[in-house]
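Report on the structure given below.
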Amino acid sequence: MPSTKRARSTRQRANASTRSLVITIDGPAGVGKSTAAKTLARRLGLMYLDTGATYRTLAYAARRRQLHPVADADRIAELARQLPIELRVRDDGSLQVRLSGEDISAAIRTEEVTEAAALVSQHPPVRRALVKRQRELADRHGVVVEGRDTGSVVFPKASHKFFLDADPEVRAHRRQRELARLYGARSPIAQIREQLHFRDGLDRTRRVGPLVKPRGAIAINTTHRTINQVVQMMLRHIRRNRPER
Ligand code: DC
């Protein structure tokens with residue numbers, strides 16, 4: 001069979017057996033959520049949705065309009081309601097993020113946008129607006145969604161929920177490598193540790209949609225596990241616990 005046909009039929013088979021699966025993966029930065037989620041989505045023939053990218057895109061759009069991430073919260077929530085965001089996974093597995101047609105995939109990963117995203121994501125009206133957008137962006141034929149509140153708030157009735165965590169030192173080194181891959185330069189590890197600590201504090205203590213292990217979620221510690229091992233654990237769990245159809 002030609003390879004494109006084979007790929008299509010594999011996808012169709014995957015879709016037939018995984019139709020309407022909603023799989024959530026939550027956890028702090030640097031635990032390997034994105035890579036695990038993308039790999040799992042590809043293996044199961046499902047859509048991949050990165051909710052962090054929606055907060056980053058909003059923070060980027062707000063900065064462009066010179067809105068302050070804290071003082072202009074109401075205007076930012078208004079912006080969130082009509083954010084023309086498009087997400088797509090490229091053939092090489094990377095995520096492309098577009099805003100009004102412009103490719104902002106790299107621009108939303110800078111230090112400045114990372115900090116602004118951590119701040120805008122604190123406001124309840126912003127979260128309400130983006131949670132609605134995230135539900136609209138999800139494919140009703142099945143999705144692997146990752147973030148901080150995806151199993152607790154965005155899709156509380158998900159078919160499978162995972163919560164990833166890892167040793168803070170390992171997370172800091174992973175984040176350092178990710179930044180080096182994106183921008184070439186290596187940021188000092190002490191600075192990265194401090195930023196992770198700051199973001200963890202905001203994520204875990206906010207009133208609405210805090211980072212928690214959702215009820216019923218399977219916890220996986222990724223400190224000494226490769227992405228492949230993590231994905232295998234998830235697949236085993238999903239196969240053993242198929243939702244009734
Ligand atoms: O996962 P990330 O680093 O791309 O997330 C960017 C920011 O968005 C981060 O500071 C936490 C926030 N976020 C959130 O509050 N809720 C989510 N579901 C996903 C991300």
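Order of listing sets the numbers, starting from 1, for every ligand and every atom in it.
Considering only non-hydrogen protein atoms, atom 5 (O) of ligand 1 sits nearest to Gly52 CA, 3.6 Å. In terms of protein heavy-atom proximity, atom 17 (C) of ligand 1 is nearest to Arg148 N, 3.4 Å. If you check which protein heavy atom lies closest to atom 8 (O) of ligand 1, you get Tyr55 CB, 3.4 Å. The protein heavy atom nearest to atom 7 (C) of ligand 1 is Ala117 CB, 4.0 Å. Annotation: atom 18 (N) of ligand 1 to nearest protein heavy atom, Asp149 OD1, 2.8 Å. In terms of protein heavy-atom proximity, atom 16 (N) of ligand 1 is nearest to Arg127 NH2, 3.0 Å.
Interface of Ser121 with ligand 1, defined as ligand atoms under 4.0 Å from a residue heavy atom, comprises 12 (C), 15 (O). The contact set between ligand 1 and Ala118, taken as ligand atoms under 4.0 Å from a residue heavy atom, comprises 10 (O). Distances below 4.0 Å separate heavy atoms of Gly147 from the following atoms of ligand 1: 18 (N), 19 (C).
In this structure, a donor-acceptor pair under 3.5 Å is absent between the side chains of Gln176 and Ser187.
Under the 4.0 Å criterion applied to side-chain N and carboxylate O atoms, Arg181 and Glu178 are not assigned as salt-bridge partners. In this structure, Asp200 pairs ionically with Arg171, as a charged nitrogen and a carboxylate oxygen lie closer than 4.0 Å.
When each of Lys38, Arg88, Arg56, Arg109 is paired with Asp50, the salt bridge (Lys or Arg N to Asp or Glu O under 4.0 Å) condition holds for Arg109 and for no other.
Distances from atom 11 (C) of ligand 1 to the heavy atoms of Asp203, Thr57, Val131 put Asp203 nearest. With atom 4 (O) of ligand 1 as the reference point, the heavy atom nearest to it among Arg56, Glu178, Lys33 is part of Arg56. Among Val126, Asp26, Thr51, the residue whose heavy atom sits closest to atom 19 (C) of ligand 1 is Thr51. When Glu146, Arg199, Arg175 are ranked by how near their heavy atoms come to atom 3 (O) of ligand 1, first place goes to Arg199.
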For this session: Show the numbers, then the answer: is there a side chain to side chain donor-acceptor pair (under 3.5 Å) between Asp103 and Ser105?
Result: CA-CA 6 Å; Asp103 189 333; Ser105 316; 2.5 Å; yes
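Looking at Leu67 and Ile76, their side chains come closer than 4.5 Å, going by heavy atoms from C-beta outward. Side-chain atoms of Val212 and Arg204, non-hydrogen and from C-beta on, never get closer than 4.5 Å to each other.
Here the closest non-hydrogen pair linking Gly27 and Arg148 is O-CD, 3.4 Å.
No donor-acceptor pair under 3.5 Å is formed between the side chain of Lys33 and the backbone N or O of Glu146. The closest donor-acceptor contact from the side chain of His123 to the backbone of Pro69 lies under 3.5 Å.
Neither the backbone nor the side chain of Gln122 has any atom closer than 4.0 Å to an atom of ligand 1 (non-hydrogen atoms only).
Below 3.5 Å of separation, one finds an N or O of Arg206 facing an N or O of ligand 1.
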